[in-house]
Amino acid sequence: MMILVKLGGSVITDKNKQNTVRRRVLNRLSKEIEEAEKRVIIVHGAGSFGHISAEHYALNKGYVDGEQKKGFALTHQSVRLLNNIVLESLIKAGIPAISLPPLSFLRLKNKKLSYFDGSWFKDALKLGLTPVTFGDVVIDRKMGFSICSGDLLMVALSAEFKPERAVFVIDEEGVYSANPKLEKTAKLLKNPSLDELKQVATSSNSYADVTGGMMGKVDSISNIAAMGIDVWVVNGNKRDRTYRALIGKKTKGTIVKGVKT
Ligand code: IPE
């Protein structure tokens, strides 16, 4: 059995400053993952290494003009730069991390998964290596290219590997009923049912970015829980919560029980 963990781009980077890593947080999270001594597949977001250039070149619209080719290349190069820093941090913490870029193992069609080859993950796990993948620009069979978020990777990997648990490490306390940064009445949902989650995903609130922001994330979480897999959402800025989520010990955050539907 294995655990899937996503390190959100807003936790490991400063989302407002292009190409800025939050190194202290990243290194602590690497250590927490190592200390949990679990088999993991790690997914990380792009944060300011992806979102700024992806927005600048409107990459989520797909291929519309030639200018975007530079944007596609730059965005891919930039997320790989972050990926290398993540690998470095994980390896220093004692994790034999290796990189698997989505551009080389999956395709989308109208932003939805259309082809996914998990065999490299399997091979790596068999050897005791820790696969690391990340939000990336990818080929899209309808749009030319589009953006594959780390959250979509979590769904694809959950379907393929049926992990013991999926852990989302974000920069908030968990999933709220609305965007807590903008709405004072937003409540932390500690043990929401799938129905309650669906309400968050459909209510039009201020949760959005090029890959759907929190709404996209809630949708991914619901999809994973509907596969019968427990999903934990914890604040990566707070020490030990990621570690506890990995070992399955109660901690502050959102826990969604997996239900077989
Ligand atoms: C976005 O990945 C990928 C690109 C913008 C190229 P994510 O959606 O997983 O990144 P975060 O976690 O929101 O930063």
Side-chain angles (χ1 to χ4, degrees), residues 4-22 25-26 29 41-63 68-86 99-108 111-113 131-140 143-158 166-172 174-175 179 181 201 206-221 223-224 231 233-237 242:
L4 267 180
V5 51
K6 184 196 171 193
L7 305 177
S10 315
V11 182
I12 59 170
T13 78
D14 182 336
K15 220 159 176 175
N16 302 312
K17 270 195 237 146
Q18 180 113 40
N19 297 9
T20 314
V21 184
R22 297 180 68 208
V25 177
L26 172 62
L29 291 172
I41 292 178
I42 299 168
V43 177
H44 66 79
S48 60
F49 286 71
H51 286 275
I52 294 174
S53 57
E55 244 157 71
H56 182 78
Y57 290 95
L59 298 183
N60 61 340
K61 289 198 178 128
Y63 187 89
Q68 289 174 303
K69 284 187 280 185
K70 183 179 173 198
F72 184 94
L74 271 177
T75 304
H76 181 63
Q77 186 249 339
S78 176
V79 291
R80 289 187 78 133
L81 188 63
L82 172 63
N83 178 242
N84 238 299
I85 296 167
V86 172
S99 174
L100 294 173
L103 178 57
S104 348
F105 66 77
L106 70 74
R107 291 190 195 90
L108 302 182
K111 302 189 183 178
K112 299 239 154 51
L113 195 67
V132 182
T133 189
F134 48 88
D136 196 2
V137 282
V138 297
I139 303 303
D140 187 302
M143 303 169 63
F145 52 72
S146 57
I147 296 170
C148 175
S149 70
D151 295 340
L152 182 58
L153 290 164
M154 290 291 279
V155 178
L157 290 163
S158 294
V167 178
F168 287 81
V169 180
I170 66 170
D171 73 334
E172 276 159 10
V175 178
N179 188 342
K181 287 186 175 118
S206 32
Y207 276 156
D209 66 12
V210 288
T211 48
M214 195 65 185
M215 271 162 75
K217 186 182 303 297
V218 167
D219 197 45
S220 302
I221 293 168
N223 286 336
I224 296 170
V231 184
V233 186
V234 294
N235 190 341
N237 296 316
T242 302

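Note that the numbering runs from 1 along the sequence shown for the chain. For clarity, every value in this text was computed on a predicted model and none was experimentally measured. Note that ligands are numbered from 1 as they come in the structure, with each ligand's atoms numbered from 1 the same way.
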(request) Please check if the side chain of D171 supplies one atom and the backbone of V11 the other of a donor-acceptor pair under 3.5 Å. (result) no
(request) May I ask you to check whether G45 has an N/O atom sitting below 3.5 Å from an N/O atom of ligand 1? (result) no
(request) For residues D14 and S48, report the shortest heavy-atom separation together with the two atoms involved. (result) O-OG, 3.0 Å
(message) Looking only at distances, can you tell me whether any N or O atom of G50, backbone or side chain, sits closer than 3.5 Å to an N or O atom of ligand 1?
(response) no
(request) Indicate the atoms forming the closest heavy-atom contact of V79 with G50, along with that distance. (result) CG1-CA, 3.9 Å
(message) Please state which option from G135, A46, S78 has its nearest heavy atom closest to atom 10 (O) of ligand 1.
(response) A46
(request) Have a look at M154, H51, H44 and point out the one with the heavy atom closest to atom 1 (C) of ligand 1. (result) H51
(message) Taking 4.0 angstrom as the limit and counting only heavy atoms of D136, give me the atoms of ligand 1 inside it, by number and element.
(response) 3 (C), 6 (C)
(message) Checking contacts here: is it the side chain or the backbone of K15 that comes within 4.0 Å of ligand 1, counting heavy atoms only? Could be both or neither.
(response) side chain
(request) May I ask you to decide if K111's main-chain N or O and D140's side chain share a donor-acceptor pair within less than 3.5 Å? (result) yes
(message) Before you tell me yes or no, could you show the steps for V25 and N237 under side chain to side chain contact (heavy atoms under 4.5 Å, CB included), namely the whole-Å CA-CA distance, both residues' side-chain angles and the distance that decides it to 0.1 Å?
(response) CA-CA 7 Å; V25 177; N237 296 316; 4.2 Å; yes
(request) Over 60° means perpendicular and under 30° means parallel, so classify the ring planes of F145 and F72, tilted if in between. (result) tilted
(request) Tell me which one of I170, I147, L103 gets a heavy atom nearest to atom 4 (C) of ligand 1. (result) I147
(message) Tell me the contacting part of T75 for ligand 1: side chain, backbone, both, or neither, using a 4.0 Å heavy-atom threshold, strictly below.
(response) side chain
(request) Would you check whether G9 has a nitrogen or oxygen atom less than 3.5 angstrom from a nitrogen or oxygen atom of ligand 1? (result) yes
(message) Using a 3.5 Å distance criterion without hydrogens, assess whether the side chain of T13 forms a donor-acceptor pair with backbone atoms of S10.
(response) no
(request) Decide, yes or no, whether a salt bridge links D151 with K6 under the criterion of side-chain N to carboxylate O below 4.0 Å. (result) yes
(request) Enumerate the atoms of ligand 1 whose separation from the nearest heavy atom of K6 is less than 4.0 angstrom. (result) 9 (O), 12 (O)
(request) Kindly confirm or rule out an N or O of G47 lying under 3.5 angstrom from an N or O of ligand 1. (result) yes
